[in-house]
Amino acid sequence: MGGKLTLSVEGLGPFSEKLIMDLDTPLTVLVGDTGTGKSFLLRLFSVLLKNLRTTLDARALENDLTSEFGHPRFVVHEENEMGRVSLSYSNEMLIDVKVHSKPLVTSEAYSDFVEIEGWKGSQPYIELAERSVMAPDERIPLARYVLGASWASPPPSASAFTNILLDMRGKEHWLLEEMLMPMMEEGLLPRARSYFSKGIVAGYDARNISSAAVSLLSLAPVALRLHEGRALLAAVDTVELHLSPLLQAATAVNLARWAKKGWLECEENPAPLLLVTHSSVVLSALITEVEEGVKDKLVRLPDRYRLTEDDVKTVILYREGRVVKWDVGKGIIPPRYLREYARFL
């Protein structure tokens with residue numbers, strides 16, 4: 001059983017009130033209306049994980065916050081003068097940060113807007129953070145960059161993701177082909193020993209490769225962390241990007257089973273999967289998986305890795321006026337906006 005990774009946010013981005021997210025199950029699904037802060041939370045996770053290091057460096061953290069969000073003081077919620085974000089593991093604080101909307105007068109010029117209140121730079125946590133991966137919503141162009149097309153320098157939130165995918169490509173890792181297997185099973189791709197030596201990439205400009213294939217390849221780092229464990233987090237934003245409904249369903253269920261497999265078989269620190277989605281297809285497939293198990297040739301892992309209700313929970317973000325609220329429930333819970341959409345139809 002893995003430890004509990006917890007993110008606490010208050011007074012930052014859209015969150016004027018405190019939000020506490022515990023990732024203590026194999027799969028946590030994050031859903032909510034547009035603009036409620038789903039991607040914002042993933043980017044915060046990423047910046048904090050990147051800054052877990054042996055040497056405390058407020059300037060490096062401030063620079064990463066600036067790269068992600070603009071100047072840190074603009075991240076603070078408009079009704080606050082200060083926001084706070086912290087990351088802990090099994091109730092032990094890893095990093096606790098204050099972000100000020102006005103210059104903070106201190107003897108250290110570099111901490112004008114960012115204060116690190118508490119911090120634990122112990123080596124085990126640093127190693128786990130370095131092995132974590134975030135697949136942000138830029139993952140498709142980033143994957144094309146890894147495949148050989150041009151792309152500007154990856155943002156801080158994507159550095160681990162791109163480095164892992166580059167390493168997997170260099171080693172022609174078996175998981176790259178495994179991620180494409182649903183397309184092979186459907187006859188959408190020919191089978192090949194390696195898709196990098198004589199498959200979809202060889203002889204092609206990476207910008208012309210099927211977007212669905214790139215989307216699936218871009219999820220390989222996430223599957224790798226779930227398979228190997230010993231990471232604080234594996235996460236993906238909008239798994240449904242460029243995938244047909246059938247591939248959306250199969251990919252979500254496959255990733256969920258990878259998460260359960262890691263939770264059962266990794267001796268220590270299995271990586272929890274944080275899945276952000278808007279797709280009713282993805283949610284419906286996961287509901288079917290939890291309630292009765294999906295039986296389809298596109299689902300690659302056997303039934304013993306099927307998720308039950310105790311293995312998954314849903315964090316729902318919603319607005320009441322201008323305030324973002326949150327709720328947590330066991331299992332897969334369709335968000336309000338999907339129910340409203342169904343009523344509209």
Side-chain angles (χ1 to χ4, degrees), residues 133 135-151 158 161-228 234-259 261-262 273 275 277-282 284-286 288-289 294-303 305-306:
V133 60
D137 50 8
E138 301 97 337
R139 74 175 193 274
I140 305 301
L142 287 167
R144 291 192 186 279
Y145 157 79
V146 171
L147 295 175
S150 59
W151 177 258
F161 167 72
T162 50
N163 289 338
I164 296 168
L165 190 53
L166 279 166
D167 186 61
M168 294 180 76
R169 181 191 176 181
K171 296 176 180 176
E172 296 189 346
H173 198 284
W174 61 270
L175 251 176
L176 295 171
E177 189 164 315
E178 177 67 23
M179 295 308 298
L180 293 170
M181 196 60 68
M183 294 184 74
M184 297 185 214
E185 294 284 1
E186 286 297 290
L188 301 174
L189 285 175
R191 294 179 181 270
R193 182 190 62 80
S194 167
Y195 277 83
F196 292 106
S197 62
K198 57 181 181 181
I200 62 169
V201 177
Y204 292 90
D205 185 320
R207 287 169 293 188
N208 297 326
I209 298 169
S210 161
S211 292
V214 176
S215 184
L216 291 173
L217 285 170
S218 75
L219 297 174
V222 179
L224 180 66
R225 284 300 181 251
L226 296 172
H227 171 64
E228 293 182 342
V236 58
D237 198 348
T238 50
V239 66
E240 59 268 17
L241 280 178
H242 298 300
L243 300 180
S244 67
L246 184 62
L247 290 176
Q248 287 183 39
T251 301
V253 173
N254 281 328
L255 284 175
R257 292 197 180 189
W258 277 112
K261 183 176 187 293
L273 174 60
L275 183 65
T277 184
H278 278 284
S279 171
S280 57
V281 174
V282 167
S284 296
L286 291 173
T288 302
E289 168 73 355
V294 175
K295 299 186 183 301
D296 191 280
K297 64 181 180 179
L298 302 189
V299 177
R300 304 287 298 162
L301 293 178
D303 283 348
Y305 300 121
R306 176 174 75 85

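Count residues from 1 along the sequence. Keep in mind the model is a prediction, meaning the values are calculated, not measured.
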_Exercise: identify the closest heavy-atom pair between Leu175 and Ala223_ = CD1-C, 3.9 Å
_Just to verify, what does Ala235 make a side-chain contact (heavy atoms from CB on, under 4.5 Å) with, not counting sequence neighbours?_
Leu42, Met134, Leu233, Leu274
*Could you state the interatomic distance from CG (Leu301) to NZ (Lys261), rounded to the nearest 0.5 Å?*
7.0 Å
*Could I get the full list of side chain to side chain donor-acceptor pair (under 3.5 Å) partners for Ser284, not counting sequence neighbours?*
none
*If you take all heavy atoms of Val133 and Phe161, which pair is closest and at what distance?*
CG2-CA, 3.6 Å
_Holding to salt bridge (charged side-chain N to carboxylate O under 4.0 Å, His left out), I want the full list of residues that pass it with Arg300, two or more places apart in sequence or in another chain._
Glu178, Glu185
*State which residues pass side chain to side chain donor-acceptor pair (under 3.5 Å) with Lys297; sequence neighbours excluded, sorted by chain then number.*
none
*Would you say the side-chain atoms of Ser215 pair up with the backbone N or O of Leu243, donor to acceptor, closer than 3.5 Å?*
no
_Considering all heavy atoms, the nearest Leu176-Leu217 contact_ = O-CD2, 3.6 Å
*Can you name the residues that form a ring pair (Phe, Tyr, Trp, His ring centres under 6.0 Å) with His278, not counting sequence neighbours?*
Tyr337
*Taking atom OG1 of Thr238 and atom CD1 of Ile140, what is their separation to the nearest 0.5 Å?*
8.0 Å
*Where Leu247 and Pro182 come nearest, the two heavy atoms and their spacing*: CD2-CB, 3.7 Å
*Should Leu219 and Trp258 be marked as a side-chain contact (heavy atoms from CB on, under 4.5 Å) after you check the CA-CA gap, both sets of side-chain angles, and the distance that decides it?*
CA-CA 12 Å; Leu219 297 174; Trp258 277 112; over 6 Å; no
*Can you name the salt bridge (charged side-chain N to carboxylate O under 4.0 Å, His left out) partners of Arg257, sequence neighbours left out?*
Glu289, Asp303
*Sequence neighbours excluded, every pair satisfying salt bridge (Lys or Arg N to Asp or Glu O under 4.0 Å) that has a member inside residues 237-255*: none
*Determine the sole option in Val222, Val214, Leu241, Leu165 for which the side-chain contact (heavy atoms from CB on, under 4.5 Å) test with Arg139 is passed.*
Leu241
*With sequence neighbours left out, write down each residue that passes side chain to side chain donor-acceptor pair (under 3.5 Å) with Asp296, or none if nothing qualifies.*
none
_Chi angles and distances behind the side-chain contact (heavy atoms from CB on, under 4.5 Å) call for Met168, Ile164_ = CA-CA 6 Å; Met168 294 180 76; Ile164 296 168; 4.1 Å; yes
*Measure the shortest side-chain to side-chain distance between Thr277 and Leu286 over non-hydrogen atoms and say whether it is less than 4.5 angstrom.*
no
*Ser244: partners by side chain to side chain donor-acceptor pair (under 3.5 Å), with sequence neighbours left out*: none
*asked:* For a 4.5 angstrom cut-off between non-hydrogen side-chain atoms, does Thr251 reach Leu255?
replied: yes
